[in-house]
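Before any comments, here is the structure.
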Amino acid sequence: MINFFRYMDKLTEVLNLAKSKGYFWPSYEIYGGVSGFYTIGPMGSLVLKNIEDLWKSYFVRPNGFLEIDSPDIMPARVLKASGHVDNFKDPMAECAKCGSKYRADHLLSDSGIQVSESTSINQMNELLNQNKVKCPNCGATTWTVKQFLNMFETNIGPYADNKGYLRPETAQGIFVEFKTLLDINRGKVPMGIAQIGRGYRNEISPRQSMIRLREFHMMELELFMDPEDEKAPALDRDMKLPLLHEKVMEKGEPELISPYGAYKNGILKSAWLAYFLEKSFKFVMALGVPESKQRFIEKLVGERAHYSAQTFDHEVFFDEMGWTEVAGFAYRTDYDLKSHAKETGQELVVIEKKTISTRKTIKLNEKEVKNTHKKDWESIISSVPESREDGIYCAGIKLSSNEYKIIEEVEKEEVRKFVPYVVEPSFGLDRLLLATIYYAYGKKDGRNILSLPDVILGKVVAVLPLVSKKDMIEKAFEIKAMLEKSGYFVIFDEKGYIGKRYARLDEAGIPKAITVDGQTLEDGTVTIRDRDTWNQKRIRPSDLLV
RNA sequence: GCGGUUGUCGUCUAGCCUGGUUUGGACGUCAGCUUCCCAAGCUGAAGGCCGCGGGUUCAAAUCCCGCCAACCGCACCA
């Protein structure tokens with residue numbers, strides 16, 4: 001049952017359409033549903049793959065970055081080291097009378113009682129009860145404090161104490177492989193490692209359809225660089241990004257500023273960060289979200305993750321939900337690599353060699369010397385070569401250039417080891433899918449049209465016999481086979497009135513429909529109809545392949 | 001997890017307050033006919049033990065309780 005809102009707003013219509021046309025829907029419906037899980041349908045899978053591909057064309061390929069695929073299950077030690085086990089849980093205080101739950105540390109600090117990171121669960125329990133902190137809901141003063149861990153827990157192998165977690169982000173799978181990956185990248189930074197996969201978070205209350213899921217798709221990139229010399233690509237000086245950064249936060253209006261300007265003015269702490277925001281803006285635009293419906297908002301201290309020195313969220317506006325995060329950009333510094341290095345005792349660094357000075361030596365080609373100087377060769381070889389203005393001399397004899405080689409050797413080099421800094425763009429794929437469909441959805445003459453961008457559904461086409469007659473159906477099948485051979489996903493529909501079939505395809509987002517009619521049987525041409533304009537052109541089917 | 005609201009074919013809904021034959025309609029879907037270009041026309045069909053479980057009653061979609069799910073608010077979203 002789909003009844004997300006009490007009235008039919010655009011989001012509800014989009015969610016209904018997403019289900020009926022096979023994009024996505026809530027999972028486990030025949031069991032009554034389980035909150036926080038969605039199934040991606042046939043059309044959704046197609047679109048998801050294309051969004052991933054588009055993302056790679058913006059973030060991975062242009063910079064020669066590498067993509068990996070690491071396990072979903074992580075040993076507890078890894079997430080302990082990364083700080084997730086300690087930071088991914090919250091102390092929850094439960095009121096003994098009404099059962100309301102609050103963050104224990106928030107309750108205490110709101111009552112003027114000092115708490116720190118190191119305040120234990122038991123201490124908070126005592127503090128709450130001894131100071132008779134009142135329940136904001138019912139006024140009672142008896143509390144029980146428990147930990148709520150936001151990660152899914154499991155066991156690795158048969159031993160209960162060998163604990164594992166489903167990864168809350170794909171990033172840690174990259175950090176733990178840093179050493180090998182740096183080798184594969186031949187020791188050089190900047191190095192970008194991308195990963196597309198699932199993440200898992202045991203949310204207390206998943207909400208807003210696909211926005212907060214317990215299991216979700218994410219696309220992450222860890223960019224490792226030298227903080228003293230970022231070597232970021234040139235930043236755009238002309239385009240304007242809407243940045244709701246710390247300094248303009250109070251006004252509530254984003255400042256329109258170029259990526260270059262934002263970096264130069266110190267609004268963005270890293271040039272790579274500026275570069276990725278620029279890319280992200282263009283990427284989300286390519287998905288069909290207008291500029292005015294996007295913004296970047298800075299996460300202030302306290303709102304940020306434990307590992308981040310600066311964070312910007314990329315948000316997309318939905319009429320029903322307001323500004324909604326689709327991507328996060330965290331300046332993770334050297335936090336993660338240092339943590340894993342400390343835990344494992346491994347050295348996770350970049351080794352940079354710089355040549356300070358070189359030394360030239362002259363090496364004689366003895367065979368040549370013997371051939372040319374039959375008489376003097378022994379004294380030439382036993383003497384020290386001497387470099388004069390007009391050439392090389394040995395024992396006072398000038399040598400020709402084929403009798404020696406000049407070799408340049410490193411005399412002194414500087415070796416610098418450093419832990420690289422990390423800038424991380426992290427995208428929520430499910431949210432992007434929702435935003436893409438939301439902004440593609442529209443109406444024309446009372447009909448629904450899903451105007452998905454071509455990059456998202458370009459190689460999908462419908463083949464339709466105009467009327468349900470044997471020879472037309474056969475001809476249409478031929479064309480279908482031909483298109484499939486060249487990589488098209490073909491939808492074949494022979495049933496019912498043509499107008500209805502067009503309408504159905506428009507609503508499902510299929511960009512082109514090829515119709516086989518009477519003339520096709522005579523000269524082989526077909527009509528091709530565009531989803532958005534409804535215009536038709538007569539072409540040869542092979543024209544599509546160009 | 002707390003509080004509020006809600007849950008009836010795929011979708012939108014009528015019926016619920018005031019228990020009483022097989023829960024009715026529209027759209028969609030499917031089949032047949034028809035049909036040479038935009039949800040057209042004709043005929044027919046499938047699809048709901050009324051979210052799940054229990055209780056009250058001679059009798060429950062309807063009243064009561066529990067659970068699940070969705071939405072809104074709080075909290076949470078590292």
Side-chain angles (χ1 to χ4, degrees), chain A residues 1-9 11-13 15-17 19-22 25-37 79 82-95 97-104 106-107 135-138 146 148-151 168-169 201-209 211-214 216 299 302-308 311 313 320-321 324-325 328 330 428 444-448 464-469 472 495-507 513 515-521 526-527 529 531 534-536 538:
Chain A
M1 135 224 12
I2 299 203
N3 193 358
F4 296 97
F5 295 88
R6 290 309 303 148
Y7 51 97
M8 274 290 253
D9 50 28
L11 185 60
T12 308
E13 286 184 24
L15 292 170
N16 280 339
L17 179 129
K19 187 183 176 189
S20 64
K21 296 300 176 185
W25 57 85
S27 305
Y28 306 115
E29 275 193 308
I30 65 164
Y31 283 92
V34 180
S35 187
F37 299 93
L79 291 161
S82 69
H84 284 83
V85 172
D86 292 324
N87 286 284
F88 212 79
K89 64 186 174 190
D90 296 311
M92 297 286 277
E94 185 174 352
C95 170
K97 191 180 166 203
C98 72
S100 298
K101 292 199 174 188
Y102 302 92
R103 281 279 296 266
H106 290 186
L107 273 179
C135 170
N137 187 44
C138 71
K146 284 180 202 157
F148 180 79
L149 185 65
N150 257 314
M151 289 192 289
E169 56 173 13
R201 296 178 190 184
N202 202 2
E203 300 282 355
I204 297 173
S205 61
R207 281 283 167 82
Q208 294 170 311
S209 69
I211 298 302
R212 282 180 68 192
L213 297 172
R214 292 191 165 118
F216 48 93
K299 298 276 119 178
E303 297 175 328
R304 289 202 289 262
H306 59 277
Y307 48 68
S308 181
T311 298
D313 280 355
E320 299 79 5
M321 301 183 287
T324 304
E325 180 190 352
K444 182 173 176 177
D445 294 357
R447 290 191 194 171
N448 297 333
L464 319 167
L466 182 59
V467 292
S468 188
K469 285 197 176 132
M472 270 188 209
K495 294 281 179 186
Y497 181 59
I498 191 71
K500 192 171 195 172
R501 282 181 274 163
Y502 287 148
R504 204 154 36 197
L505 292 166
D506 288 344
E507 192 172 34
T515 307
V516 171
D517 56 18
Q519 199 179 329
T520 312
L521 301 175
V526 294
T527 62
R529 173 189 178 275
R531 173 196 63 203
W534 299 354
N535 289 336
Q536 275 179 306
R538 186 157 278 278

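The chains referred to below are lettered A, B, ... by the order of the sequence lines, with proteins before strands, and numbering in each begins at 1.
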Is any side-chain N or O of [X] closer than 4.0 Å to OP1 or OP2 of [N]?
X: A:K500; N: B:U35; result: no
X: A:Y497; N: B:C38; result: yes
X: A:S35; N: B:A70; result: yes

Rounded to the nearest Å, what distance is computed from the [atom1] atom of residue [X] to the [atom2] atom of nucleotide [N]?
X: A:K21; N: B:U11; atom1: NZ; atom2: C1'; answer: 12 Å
X: A:R501; N: B:A40; atom1: CZ; atom2: P; answer: 12 Å
X: A:D9; N: B:C71; atom1: CG; atom2: C1'; answer: 10 Å
X: A:L149; N: B:C76; atom1: CG; atom2: C1'; answer: 14 Å
X: A:L464; N: B:A39; atom1: CG; atom2: P; answer: 14 Å
X: A:E29; N: B:C52; atom1: CD; atom2: P; answer: 13 Å
X: A:L17; N: B:C12; atom1: CG; atom2: C1'; answer: 15 Å
X: A:D517; N: B:U35; atom1: CG; atom2: P; answer: 16 Å

Over all atoms of both residues, closest heavy-atom pair of A:G499 and A:R447: O-NH2, 4.3 Å
Nearest heavy-atom neighbours spanning A:E320 and A:L11: OE2-N, 3.1 Å
Need one value for [X]: base, sugar-phosphate or nothing, where a base atom within 4.0 Å counts as base even if backbone is also close, heavy atoms only.
X: A:R504; result: sugar-phosphate
X: A:S308; result: nothing
X: A:N535; result: nothing
X: A:R201; result: base
X: A:E325; result: nothing
X: A:P206; result: nothing

Work out how far the [atom1] atom of [N] is from that of [M], and round it to whole angstrom.
N: B:G4; M: B:C9; atom1: P; answer: 26 Å
N: B:G66; M: B:C58; atom1: C1'; answer: 26 Å
N: B:U57; M: B:C65; atom1: C1'; answer: 16 Å
N: B:C49; M: B:U8; atom1: C1'; answer: 12 Å
N: B:G48; M: B:U43; atom1: P; answer: 25 Å
N: B:A60; M: B:G51; atom1: P; answer: 15 Å
N: B:C42; M: B:A26; atom1: P; answer: 13 Å
N: B:C67; M: B:U29; atom1: P; answer: 40 Å

Out of [options], which nucleotide sits closest to the side chain of [X]?
X: A:R212; options: B:C37, B:C76, B:U35; answer: B:C76
X: A:E203; options: B:C77, B:A39, B:U11; answer: B:C77
X: A:K19; options: B:C37, B:C12, B:G10; answer: B:G10

Short side-chain donor-acceptor distance under 3.5 Å, A:Y307 and A:S82: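 No - no donor-acceptor pair under 3.5 Å links their side chains.
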Residues A:Q536 and A:Y502: side-chain donor-acceptor under 3.5 angstrom: yes
Salt-bridge criterion met for A:D506 and A:R501 (N-O under 4.0 Å): no
Salt bridge A:E29-A:K19, side-chain N to carboxylate O under 4.0 Å: yes
Along RNA chain B (nearest heavy atom to each residue), the more 5'-positioned of A:K495 and A:L521: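 The residue closer to the strand's 5' end, by nearest nucleotide, is A:K495.
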5′-ward residue of the pair A:G32/A:R538 relative to RNA chain B: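 It is A:R538 whose nearest nucleotide is closer to the 5' end.
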Distance in Å, A:H84 NE2 paired with A:L149 CG, rounded so as to fall on 0.5 Å steps: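 Answer rounded to 0.5 Å: 11.0 Å.
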Rounded distance (nearest 0.5 Å) linking atom CE of A:M472 with atom CG of A:L466: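 It comes to 5.5 Å.
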Within 6.0 Å of CZ in A:F37, more than 12 heavy atoms from elsewhere: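 Yes, enclosed.
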Base-pair map of RNA chain B as dot-bracket, where | denotes pairing with a different strand and pairs are Watson-Crick or G-U under 3.5 Å: ((((((((.[[[[.)....(...]]]].(((((.......))))).....[[[[[..)....]]]]])))))))....
Heavy-atom donor-acceptor pair, A:R529 side-chain to B:C37 base, under 3.5 Å: no
No-H, no-angle donor-acceptor pair, A:R447 side chain to B:C38 base, under 3.5 Å: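 Indeed, a donor on one side and an acceptor on the other fall under 3.5 Å apart.
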Backbone N/O of A:P168 and side chain of A:R201: donor-acceptor pair under 3.5 Å: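 Confirmed, A:R201 side chain pairs with A:P168 backbone.
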